[in-house]
Each structure stands twice: as structure tokens, then as C-alpha cells.
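Order of the sequence lines fixes the chain letters, A, B, ..., with proteins taken first and strands second; residue numbering starts at 1 for each chain.
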Amino acid sequence: MMPRAMRELPKAYDPSAVEEKWQRHWQEKGCFHADPHSQKQAYSIVMPPPNVTGVLHMGHVLNNTIQDILARRARQEGKEVLWLPGTDHAGIATQARVEKELSKKNPPRTRFDEGRENFVKLVWAWKEEHGGIIIKQLKKLGCSCDWLRERFTMDTQYARWVARVFTELFNEGLIYRGLRMVNWDPVLLTALSDEEVIMTPSKSKLYTIRYKLQEDPNRWLLVATTRPETIMADVAVAVNPKDPRYSNLLGKKVIRPLCEAPIPIIADEHVEIGFGTGALKITPAHDRVDFEVGVRFGLEIIDILTPDGHINCPECPELHGLDRFAAREKSVELLRNKELLEKEEAYDNNVGVSQRSDAPIEPRLSMQWFLKYPCVQEAKEAVSRGDITFRPAHWAKTYAHWLDSIQDWCISRQLWWGHRIPVWYHKDMATELKEAPKLDAEDAAAGRIYVGEEPPNDPENWVQDEDALDTWFSSWLWPFATMDDECRSKFYPTTDLVTGPDIIFFWVSRMIMAGFRFAGGKPFSNVFFTSIVRDLQGRKMSKSLGNSPDPLDLIARYGADGLRFGLMRIAPTGTDVKFDEKQIEEGKNFANKLYNAARFRMMQGGASSDPAPHFSPIHIDILSKLKELHAQVADALGKYEFNACTQALYSFFWNEYCSLFLEAVKNDLREGADPAVRNATLHTIDTVLRHYLALLAPIMPHITEELWESLGYAARYDNKPLMLTPLPSPDTLLSGLSESDISLARASAAALYETANRARNLKAEYNLATNKNVRLVVKPMLPTDADLANRLALLAGAKETIVKKDYTAPRGTPTALTPLGELFLPLEGLVDVDAERARISKELDKISKEIARSQAKLDNESFVKRAPSEVVQQEQERLREWKEKKEHLLTMQSALS
RNA sequence: GCACGGGUAGCUCAGUGGUAGAGCGGCUGUUUUACACGCAGUUGGUCAGGGGUUCGAAUCCCUUCCCGUGUACCA
């Protein structure tokens with residue numbers, strides 16, 4: 001009956017061969033392909049494109065596992081699914097990567113040695129060879145993306161969209177070029193957007209410096225600053241107009257130290273009277289706020305820093321050419337020598353740091369391209385009205401706040417790798433135009449500049465802008481620029497977006513605006529913000545801390561399914577995930593459990609015949625729990641509660657199915673068992689496994705697919721891989737049974753399991769846990785038939801269960817009151833009266849406490865009067881049960897004395 | 001400073017007003033034919049502290065403390 005091969009199935013599940021096999025199979029069969037002509041309801045997700053330089057980290061695993069679960073579940077629900085993958089050209093990261101390669105050459109080279117055209121070619125070559133490793137890694141995780149539609153943010157079609165969007169926004173007057181204070185990265189030599197600057201707490205020093213009065217060099221004004229190296233660029237000292245200490249100095253002048261010159265004392269509201277000395281040096285070229293003050297007062301702008309952060313001030317030879325931080329030290333020394341340093345104190349402030357290079361940002365006056373965001377109002381309303389839902393919902397507040405205080409977006413970068421700005425200057429006036437303080441649509445209308453999707457027809461007359469666009473200026477088009485018209489008409493707007501809350505401003509909000517402006521509406525209906533994966537100390541995972549596990553290593557050791565399952569089990573909604581490898585091991589253990597439960601079925605051989613009657617209460621019980629599981633999974637996934645879903649799947653299978661049901665039916669399958677009974681049990685097992693594999697498949701796609709095939713379900717039901725099989729309906733599971741049939745069966749099964757537990761407890765307390773020769777005796781209170789009695793013996797590890805209404809136990813026989821009735825464990829000569837007495841008195845202690853607590857509650861008049869009657873009844877019932885148990889124990893106790 | 005999230009068993013976390021839970025870990029026993037990646041038993045909690053509402057609070061309100069995140073200012 002049992003094929004030999006099945007007996008020889010390995011005892012442990014090995015995911016390595018299985019996972020790759022199915023990944024290949026699914027792809028070859030085109031299982032992931034999305035058909036825009038399908039009549040089915042559309043379900044779509046665009047993958048947040050990882051950097052093309054990226055390698056898979058735990059954040060990606062979390063993110064993409066969730067997307068895969070959603071996509072696979074949607075397929076089971078009969079939807080046409082598009083999960084669109086791709087990578088981002090990641091301007092700065094990729095350029096830096098290739099520059100690093102160049103610097104390793106002998107002799108070292110820079111991009112300037114290569115020249116722009118050649119350098120860009122080198123980056124493309126690097127991308128073709130090394131880029132997109134992460135795509136291969138995502139395949140190993142089992143991601144069911146439509147890989148044929150993989151996109152890159154610099155694909156030709158995509159680039160056309162970028163140019164088109166730029167051109168339209170420019171023509172609309174939303175894009176302009178201007179001389180503005182920007183965040184300058186002195187290491188990468190490019191401007192950055194506000195979002196790319198991270199305010200970092202920093203241990204600084206506050207220096208108080210003496211600025212001598214012009215009229216009397218023996219008197220001075222004290223000015224506090226953290227940046228003495230910029231003194232040479234000071235053009236004024238400002239005080240608050242309401243500050244009485246300085247009112248008599250207004251209009252007078254002080255001598256600027258280091259690079260001596262008289263500068264005026266001015267009054268500006270911005271200065272805080274209470275801070276420092278109440279006098280602020282004004283350095284318009286090197287501070288955002290000072291720049292504004294400078295504009296208000298028409299002050300000169302003196303720039304004394306080079307783009308790479310060195311001092312450019314020949315008038316001050318001691319500092320000229322020094323790096324800004326070296327210059328800070330040096331300038332303090334010079335001031336001290338001149339006795340102009342009043343004091344120096346420790347000071348904690350926040351310093352803006354480049355997200356990309358970690359270098360402190362330099363506020364710098366620079367010619368850049370800016371965008372006034374389109375469709376801000378629509379974007380705001382889409383979320384506040386609920387057309388787009390955020391989960392967890394509180395992120396909507398962060399989003400709204402950002403939109404309320406939105407600033408123009410600096411979109412130009414001084415990079416070579418990226419979308420080059422589609423603006424050309426007329427060659428006759430290119431030089432002047434590049435210096436012009438503002439350029440906009442008017443200049444295009446006048447023919448001074450050309451802006452367009454295509455280069456101008458007479459290229460010889462034009463010079464293209466040197467700058468590239470911020471990478472996010474292409475990413476924000478991702479949900480629609482990745483699709484052709486046909487695809488868009490079926491799959492846009494997308495259904496779900498799954499991403500990290502850290503890019504809510506960089507990406508999510510900008511996509512919403514772009515969607516409204518360029519694609520006719522919202523880009524997605526739901527946004528699920530994943531948690532951030534942290535280590536057990538709660539720290540962010542990072543390369544430098546070395547606390548970031550390599551997902552591929554985890555896949556190698558625990559399987560992709562194990563990794564996915566383990567991670568989903570600990571992924572809460574709304575907070576951080578603390579990553580613990582133990583949990584991934586649990587995922588692997590669970591896969592093994594599932595495998596062995598299926599292996600057990602395979603060892604029973606042949607298919608069960610269909611249909612089979614529901615046989616005993618425990619069969620009905622497990623089917624009813626399975627039906628509940630269907631609802632739990634649907635409910636949890638509907639609310640994006642992946643941990644709850646995984647937990648429900650785990651506990652059903654391990655506890656309800658394996659530990660209780662399977663253990664209780666083993667005798668049904670033994671040789672010599674009644675064939676009808678055997679068939680009923682096999683049929684129930686097959687039903688449970690078939691439904692269960694389908695429910696689990698989105699989370700553990702490989703092992704479920706493998707078992708689906710090896711259990712023969714593929715051949716038997718749809719002859720399709722599990723991943724293309726519709727989710728079986730739970731409605732037929734208990735057909736023909738009434739509500740009361742079911743609840744009776746469940747109560748009966750619960751009583752059996754509870755009684756088996758009590759029996760095991762008794763055995764353990766008498767050190768008989770492993771002894772299978774004991775007998776159990778039940779004095780029944782509920783109808784206890786032979787079937788139930790046999791199952792009880794099996795579950796409790798006993799030789800048999802005797803059901804006897806008029807049983808009189810020998811003195812000192814261990815006993816317990818169970819839902820089935822009085823349970824005895826006759827010891828047949830092994831009676832230990834003292835042990836039993838001790839056990840009873842321990843029990844009594846516990847129960848007496850419960851009785852006291854319950855009694856006190858019921859004695860409380862206001863409880864009885866005010867609590868709902870069900871609650872009171874429940875409490876009374878509880879008390880009655882405890883008292884009954886106590887009576888039982890007391891009887892036993894007196895029998896012993 | 002402001003806003004948001006969190007603090008429950010040694011660890012990771014469930015638990016939206018009615019007997020405090022799960023998994024892991026610890027301890028004890030166990031190689032029994034699906035599974036030692038297992039099985040059975042067991043240990044373990046002032047639900048951060050204080051106050052309030054309520055017959056009843058981990059849960060609702062106020063407050064303090066701690067951790068995390070975002071954001072503003074910072075000479």
C-alpha cells in the first residue's frame with residue numbers, strides 16, 4: 001500500500017533544492033506574468049525600486065515579502081496581478097561607486113580625467129555588469145514579480161517621461177532657475193534638497209569674540225559664534241531693536257577682526273535677546289538666515305569658501321587655503337593671540353549633514369533649478385479624505401505637516417550620472433545666461449533658451465545645461481512612467497504601495513503629486529508603511545555597526561520560506577521590528593513541522609475516497625477550526641496584519657492540527673482499522689492539508705507548492721501549480737451540519753483534549769509520563785462512547801480507558817475532575833499515599849485562593865447590582881465549578897486519612 | 001520646544017473594560033514509526049511609577065519617568 005519511496009523520504013526538510021526548483025518552474029511557466037487584456041479584476045503594486053548599486057538587506061526582505069504575500073493572495077482571489085519590479089539609477093550612489101573604481105586604478109583617475117561622455121559610458125558599463133544584483137537576490141526570496149517588465153529609471157521610455165515632465169512644468173512656470181541659498185555638499189560637490197540633509201546633534205563650541213568699536217578701540221561688542229572661520233565674510237553685526245543694551249550703538253560701526261574692516265551695527269527682529277550676547281554676526285554668504293538679513297538690508301555678499309570647503313581669502317594669508325575645520329582652529333588661535341577671544345564654551349547644537357556623504361552641509365549661494373510643487377492641494381486632500389489610505393494611519397499627520405510647510409524643491413545636481421537637465425542655452429549668449437539671476441518660461445519664449453523633450457533641431461547653436469536632475473525627480477514618476485498605455489489603462493492606479501516611512505517625503509508624497517498632475521489621478525489606493533528592522537538593542541541596522549545580517553546567508557541556512565515566515569511573525573504593525581535570528585530559526589522549524597505532517601500523510605498511501613461522512617466530533621472540530629482559520633487569515637490580511645495572520649496559521653497547524661487532531665486519529669490509520677473509519681480520517685486530513693497549504697502559500701510559497709505536488713493535490717484538483725489555484729472556499733467544509741451539531745462536536749472534542757491533558761498531568765506527577773501501560777478510568781458525566789475512550793487513551797499515552805459509572809477507586813488513587821467526568825489513574829500497587837496527599841493539598845491551596853477571590857467579587861453588592869447579568873452569571877458558574885473541584889479533592893483527601 | 005509611536009514573563013511580542021497570553025529561553029523527563037528542527041511536563045508577571053473614572057482597568061482619563069521616530073530653532 002505504501003510505496004517504498006515514500007518510506008524513504010528524508011526526515012528533515014531541505015529547502016535549498018526545492019526553492020530554486022519552484023522559482024525556475026514558476027518563471028518558465030509565466031506564472032508571474034500580468035495580462036493587461038485580462039477580464040479579471042486588476043491588482044497592482046509597483047516595487048519601490050532599490051538602488052541599482054544595492055544589495056539585499058533586511059529592510060528589502062521585509063518590504064518585498066509583504067508585497068509578495070499581497071500579490072500571491074490577490075492571485076488566489078482570482079485577480080489579475082501586476083507586481084512591477086525595477087531599479088533606480090541612484091545618481092549619487094552609482095556615480096560614487098564608479099568613481100571609487102577609477103580611484104583604485106594605477107595611477108588613480110577621476111571622472112574629470114575621463115570626461116563627461118566617457119564617464120557616463122563607464123557607468124553604463126558598470127551597471128550592465130554589476131548592477132541589479134539585488135534583482136537576482138529578490139528572485140531567491142521567491143518574489144513573484146513580472147520580471148519581464150523590469151524597469152530602470154534611465155530606460156529610454158522612462159527618460160522621455162522625465163524630460164516631458166520637466167518641460168511641462170517649466171512651461172507652466174513651476175520650474176525656474178535661480179541664485180539661491182542651497183544645501184551644498186562640499187565632498188560630493190553638489191547641491192542637495194532639504195530632505196537630503198539630516199540634522200545631527202553635535203558637540204560644538206561657542207566662541208565669544210570681541211568686535212572693537214570703530215570710534216573707540218578700547219571698547220568692544222561681544223559676539224557669539226560657532227563659526228569663527230567665516231568672520232572674514234562678516235558684513236554687519238545685528239542686535240535686536242528692542243535690546244536696551246545696544247540701542248546706543250545702532251548705526252555705529254565695529255571693526256571686523258581677522259580681515260579688518262569697519263562693518264555696521266544693525267537692528268533686526270530675528271536676533272534673540274537672550275541668546276549668547278544678543279549680538280549676531282551677519283555672514284550672508286555662509287548662513288541661510290544671515291543671507292535673508294543681508295537681503296533685507298542690501299548688504300554685500302562676501303564668499304570666502306571654495307566649493308570643496310576651503311578658505312578663499314588671500315587678504316588673510318594665515319587662513320587662506322585651509323580646510324574649513326582646520327581654519328576654525330586656526331582662526332581661534334589667531335583671535336586668542338590678538339586677545340579678541342573673550343571665551344570658549346562647550347555647546348550642543350544640530351548640524352546639517354549630507355545624507356549621502358556624511359559631510360557637514362555648507363549653506364551656499366548657488367545657481368540651481370527649482371520646482372514649485374504641482375497639485376499640492378489635491379495631494380493633501382487625497383489623503384485627508386481617505387482616497388488614499390495610510391497604514392498605520394498616524395503617518396497621515398506627518399504627511400500633512402510636510403505639505404503644509406512645503407518649500408520649493410532644488411532639483412538640479414552637479415552630477416554626470418542621471419537625467420541631464422533638458423535645457424539648452426543659445427550659444428551666442430550662453431555665458432550671460434548661465435550667470436542670469438533668474439531664468440524661466442519667459443526666457444524660453446524669447447528664444448534665449450530651449451527646453452524640450454527632444455534636443456533642439458539645430459544643436460550646433462545650443463549648449464546644454466551641465467547639471468543632472470535629482471534622482472527623486474525620476475522616481476516620483478515610477479507608478480506610471482513604468483507602464484505603457486495599455487498597461488496603465490488596466491493597472492493604474494495601483495492598489496497597494498509598500499514602503500518605509502523614511503521616504504514618505506522623498507518619494508510617497510511626491511508620487512502622489514506627480515500622479516495627480518501627470519497620470520490623471522492618485523498613483524495608489526493604499527500605502528502600507530513597514531516597520532524599520534532593528535537589532536536586538538534597538539539600533540538601526542548598518543554596515544558600520546556590523547549588526548546587519550546578510551539575507552542570503554539566512555536563506556542558505558533557514559530557507560527563503562523560513563526567513564519569510566519568521567520575519568512575518570515578528571513584524572508588528574506600526575513599530576519597529578527587533579530582528580532576532582531565533583525567530584528565523586522558528587520559521588525553518590515550522591517548515592520542517594509542515595513537511596513532516598505532510599510526510600505522515602504520504603506514508604499512509606493512496607488517496608482518500610470522496611465524499612466521506614464527517615465521522616467523529618474531533619473530525620468536525622478540526623474542520624470547524626479550519627473554517628475559522630479561513631476567516632482569521634482573510635481578516636488579518638485585509639487589515640495588513642501580517643503578524644496576526646502568521647500567528648493564526650502557526651497556532652492552527654502546530655497546536656490544533658498536529659498536537660491535538662493528528663495525535664487523536666493515529667489509531668484510525670493503523671493496520672486492521674475499520675476501512676470506513678480510515679477513509680474518513682484520511683479524507684479529513686486531505687481536506688485540512690489542501691486548504692491549509694493554500695492559506696499558507698502566500699507566506700511560504702515554495703514548501704507549500706512542493707507539498708501540493710507531492711501530496712498529489714495538483715494532479716487531483718486543478719492540475720495547476722498551487723500558486724495559480726484559486727483559494728478553496730471554506731463554505732463547503734461543514735455542509736450538512738447544523739450549528740448545534742458543530743458546537744456539540746466542538747464541546748465534545750474540547751472535553752476530550754482537556755481530559756487527556758489532565759491525564760497526562762497526573763501521569764507526570766507520578767513519574768509515569770513515559771509509561772504506556774497504565775489504565776485510565778472515567779466515571780462519566782458526559783456521554784462517553786468507546787470512540788472517545790479510545791482516543792483518550794491514545795492521547796494520554798495509556799493502554800486503555802475504562803468507562804465505568806459505578807467505579808470505586810482503591811484508596812489513594814490519583815484522580816482529577818475533568819469535563820468528561822471523574823478521571824482516575826489506578827496505580828495497581830504503586831500507590832504512594834504521601835505523594836497523593838501532597839498533590840491534593842497543593843491543588844486545594846490553589847483552588848481555595850480562586851474561590852476566595854471569586855466569592856469576594858460576588859459578595860460585593862455593587863458588582864452584583866451593576867455588572868451585566870451575563871458577567872455575574874459567568875462568575876457564579878466559575879465559583880460553582882471551583883467549589884465542585886474542591887469538594888472532589890476533599891473527598892479524596894479524607895479517603896486517604 | 002512641538003508632534004507621533006512604544007514601555008506586558010529572562011528575550012521577542014499578542015492582548016480596546018470582565019480569570020494576564022503565545023513563541024523562544026530556563027528547568028525535568030523522553031530517541032515511542034511524521035517531526036529531537038520533535039514530544040510531554042514545569043518554571044516564570046506590582047502589565048514603567050503615581051493619581052483618577054468604574055461594580056470592575058494592562059485596556060479609558062490625568063500626570064511623571066524612560067526608550068524610539070519625525071519636525072522646528074539653534075549665533
key: With A:V872, the side chain to side chain contact (heavy atoms under 4.5 Å, CB included) member among A:Q874, A:Q876, A:E875, A:E870   =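 Single pass found, and it is A:Q876.
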Scan [X] against the nucleic acid and name what it touches under 4.0 Å (heavy atoms): base, sugar-phosphate only, or nothing.
X	value
A:N860	sugar-phosphate
A:R878	base
A:V864	nothing
A:K588	base
A:R601	nothing
A:L206	sugar-phosphate

Would one find a side-chain N or O of [X] under 4.0 angstrom from OP1 or OP2 of [N]?
X	N	result
A:R599	B:A34	no
A:N757	B:G41	yes
A:W654	B:C24	no
A:N589	B:G38	yes
A:K666	B:A34	yes

Considering every strand shown, what is the Watson-Crick or G-U wobble mate of [N] when both distances are under 3.5 Å?
N	value
B:A34	none
B:G18	B:C55
B:A48	B:U64
B:G23	B:C11

Is it the case that [N] (base atoms only) and [X] (side chain only) share a donor and an acceptor within less than 3.5 Å, ignoring hydrogens and angles?
X	N	value
A:K11	B:A36	no
A:E663	B:A40	no
A:K593	B:C35	yes

ask   = Rounding to a whole Å, what distance do you find between A:Y347:OH and B:C73:P?
value =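 That distance rounds to 13 Å.
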ask   = Is a side-chain N or O of A:K763 found less than 3.5 angstrom from the main chain of A:A796, in a donor-acceptor match?
value =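 Indeed, once roles are kept as given, a pair shorter than 3.5 Å links the two residues.
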ask   = Quick one: does A:R758's side chain have a donor or acceptor within less than 3.5 Å of a partner on A:T818's backbone?
value =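 Answer holds: no.
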key: P atoms of B:C61 and B:C74, separation to the nearest Å   =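 The same atom, P, in both gives a distance of 36 Å.
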query = Does the side chain of A:Q855 pick up a donor-acceptor pair with the side chain of A:W882 at under 3.5 Å?
reply =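 No, no side-chain donor-acceptor pair sits under 3.5 Å.
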Crowding at CD, A:E345 (>12 non-hydrogen neighbours, <6.0 Å) =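 Yes.
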